[in-house]
Amino acid sequence: YHNWETRIATHEFVRDIPLKENHRTWKTLKGIEDKLSEIKDEQILICWGKHDFCFNDSFLQTWKQKFPTAECHEFEAGHYLMEDKLDEIFPYIEQKLK
């Protein structure tokens, strides 16, 4: 990200995070959230980095509430969980896909 052109996508991604109801993506994401209950009984795998600078434990607790039967694994990792712990996570993913 050495110049503006290489940072545009990241900038726009952050701008799409709705913090208020009048935000342009609020209704879309709220619609998705409202339908999550439709898959709550599916086989869901949650892999969580315990040291994420962005999504702290309160987010994990929310996911556990929304998906009470989910298989959940926490890792000594941060926000880039797949990059940091893929060797540990992959067996869980592989098992879910069988």
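Residue numbers start at 1 and run along the sequence shown.
Of the inter-residue distances, the one linking L60 atom CG with Q65 atom CD reads 10.0 Å to the nearest 0.5 angstrom. Here the straight-line distance linking atom CZ of F67 with atom CD of Q43 works out to 14.0 Å at 0.5 Å rounding. Of the inter-residue distances, the one linking H11 atom NE2 with T6 atom OG1 reads 13.0 Å to the nearest 0.5 angstrom. Considering SG of C54 and OH of Y80, their distance stands at 8.5 Å, rounded to 0.5 Å. Distance CG/L86 to CD1/I93: 6.5 Å, rounded to 0.5 Å. Annotation: the span from E12 atom CD to T10 atom OG1 amounts to 10.0 Å, rounded to 0.5 Å.
In terms of heavy atoms, S37 sits closest to D34 at OG-O, 3.8 Å. Looking at every heavy atom in both residues, A77 comes nearest to D84 through CB-CB, 4.3 Å.
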Walk me through it: do I46 and E74 pass the test side chain to side chain contact (heavy atoms under 4.5 Å, CB included)?
CA-CA 8 Å; I46 299 172; E74 297 181 51; over 6 Å; no

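In the hydrophobic clustering of this structure, L45 does not group with W48; members are Ile, Leu, Val, Met, Phe, Trp, Tyr whose side-chain heavy atoms approach within less than 4.5 Å, directly or through other members. F13 is not connected to L81 by any chain of hydrophobic side-chain contacts under 4.5 Å among Ile, Leu, Val, Met, Phe, Trp and Tyr, and they are in different clusters. By the criterion of side-chain heavy atoms lying less than 4.5 angstrom apart, applied directly or through intervening Ile, Leu, Val, Met, Phe, Trp or Tyr residues, Y92 is grouped together with M82 in one hydrophobic cluster. With hydrophobic clusters built from ILVMFWY side chains whose heavy atoms lie under 4.5 angstrom apart, W26 does not share a cluster with I32. Linking ILVMFWY side-chain heavy atoms closer than 4.5 Å, directly or via other members, places I89 and I44 in two distinct hydrophobic clusters.
Looking at L36 and W63, their side chains come closer than 4.5 Å, going by heavy atoms from C-beta outward.
Between the side chain of H23 and the backbone N or O of R15 there is at least one donor-acceptor pair closer than 3.5 Å.
For residues 39-57, the set of pairs meeting the salt bridge (Lys or Arg N to Asp or Glu O under 4.0 Å) definition, not counting sequence neighbours, comprises K50-E76.
Checked against side chain to side chain donor-acceptor pair (under 3.5 Å), E71 has the following partners two or more places apart in sequence or in another chain: H73, K96.
Remark: F53 CZ is packed, more than 12 non-hydrogen atoms of other residues, nucleotides or ligands lying under 6.0 Å away.
A salt bridge links K66 with E33: the distance from a Lys NZ or Arg NE/NH1/NH2 to an Asp or Glu carboxylate oxygen falls below 4.0 Å.
Ring-plane geometry between H79 and F55 is classed as parallel, the angle between the planes falling under 30 degrees on a 0 to 90 degree scale with a further cut at 60.
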